Amino acid sequence: MVSQFQLIMRSGPTPGASFILEGDQLTVGRDATNEIVINDAEISRRHARLTFQGGKYVLEDLGSTNGTFVNGQRLAGPRVLKAGEVVQFGEQIMLVFEVTSMDAGATVVSPRASAAVPSVPRPLTPVPPPPVVEYAGNIPASPAPVAATPTKKMNLTPIIIGVVVFLILCCCISLFVWVDSDPTGSRWCTFPFSIIANILGSSCP
């Protein structure tokens, strides 16, 4: 992160003017030999000095006539400047000390004062409650769909077996009726009906 320091004039001969602070030592005064020249009667020829120490600028008065102030308090010795503080020379010349931090890989410049403030987490967006189902009387206007019950396949095996058994019984009864309808009884003597006739105690003619 690269820091940039500047003084922006709030009131004085050129309101809105910006003085970029570069270098280890800068003097402020009315004389043209100063790094920061403010041409005003309230400013001494060599009014104050800015010294870069430990990554910060230190302001001190150089015995000026009208004095140097920070946030309304007159300097009695060196004072480390902080971002956003108001520097005043005399009674009318006021400048704001600003510090900006620039990321070398980014294009956005953000004030260091803003970066020093801890970020506050955003409140979570409340989730809206589910829509209320309107009721018509005691019956919901839009009832929830009922899950379809899977249909069971009918087992046809018992029916098929029953039909086959029934057909076999019908064939057997018809066959016995045909054998018994012979008035001579000779049909009972044919195989395999002869076995049945012997079981029943009949004899073939």
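Given the structure is predicted, the values throughout are model-derived calculations rather than measurements.
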Do [X] and [Y] make a side-chain contact, defined as non-hydrogen atoms from C-beta onward lying under 4.5 Å apart?
X     : Y     : result
Gln4  : Ile20 : yes
Leu62 : Val28 : no
Glu85 : Arg79 : yes
Arg10 : Leu95 : no

What are the two closest heavy atoms between [X] and [Y], and how far apart are they?
X     : Y     : value
Ile93 : Gly12 : CD1-CA, 3.7 Å
Ile8  : Gly16 : CG2-O, 4.3 Å
Pro13 : Asp40 : CD-OD2, 4.1 Å
Val37 : Arg30 : CG1-O, 3.8 Å

Would you say the ring centroid of Phe5 lies under 6.0 angstrom from that of Phe52?
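Yes, the ring centres sit under 6.0 Å apart.
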
Does Val70 offer a backbone N or O that forms a donor-acceptor pair with the side chain of Gln73 under 3.5 Å?
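Judged by distance alone, no pair lies under 3.5 Å.
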
Return yes if some donor-acceptor pair links the side-chain N/O of Ser64 with the main-chain N/O of Gly67 below 3.5 Å, else return no.
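Between the backbone of Gly67 and the side chain of Ser64 there is a qualifying donor-acceptor contact (under 3.5 Å).
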
If you measure from [atom1] on [X] to [atom2] on [Y], what distance do you get to the nearest 0.5 Å?
X     : Y     : atom1 : atom2 : value
Ser44 : Asp61 : OG    : CG    : 7.5 Å
His47 : Phe89 : NE2   : CZ    : 6.0 Å
Leu81 : Leu59 : CG    : CG    : 5.0 Å
Leu26 : Leu7  : CG    : CG    : 9.0 Å
Ser11 : Glu91 : OG    : CD    : 11.5 Å
Ile43 : Asn66 : CD1   : CG    : 8.0 Å

Should Leu156 and Val165 be regarded as members of a common hydrophobic cluster, given that ILVMFWY residues are connected when their side-chain heavy atoms come within less than 4.5 Å of each other, either directly or indirectly?
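Each belongs to a different hydrophobic cluster.
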
In terms of hydrophobic clusters joined by side-chain contacts under 4.5 Å, are Ile36 and Leu75 together?
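Yes, it is one cluster - the side chains of Ile36 and Leu75 are joined through contacts under 4.5 Å.
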
Is it true that the side chains of Asp31 and Thr33 contain a donor and an acceptor less than 3.5 Å apart?
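Yes, because at least one side-chain N or O of Asp31 sits under 3.5 Å from a partner of the opposite role on Thr33.
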
Partner of Leu50 by side-chain contact (heavy atoms from CB on, under 4.5 Å), out of Asp24, Leu21, Thr27:
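Only one of Asp24, Leu21, Thr27 forms a side-chain contact (heavy atoms from CB on, under 4.5 Å) with Leu50, namely Leu21.
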
With side chain to side chain contact (heavy atoms under 4.5 Å, CB included) as the test, would you mind laying out the steps for Arg46 and Asn34 before giving the verdict?
CA-CA 7 Å; Arg46 286 176 60 86; Asn34 294 285; 3.8 Å; yes

Looking at Arg45, I want to see if its CZ is surrounded by more than 12 non-hydrogen atoms of other residues, nucleotides or ligands under 6.0 Å.
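12 or below, so no.
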
Could you walk me through whether Met94 and Met9 pass the side chain to side chain contact (heavy atoms under 4.5 Å, CB included) check?
CA-CA 6 Å; Met94 291 195 307; Met9 184 173 291; over 6 Å; no

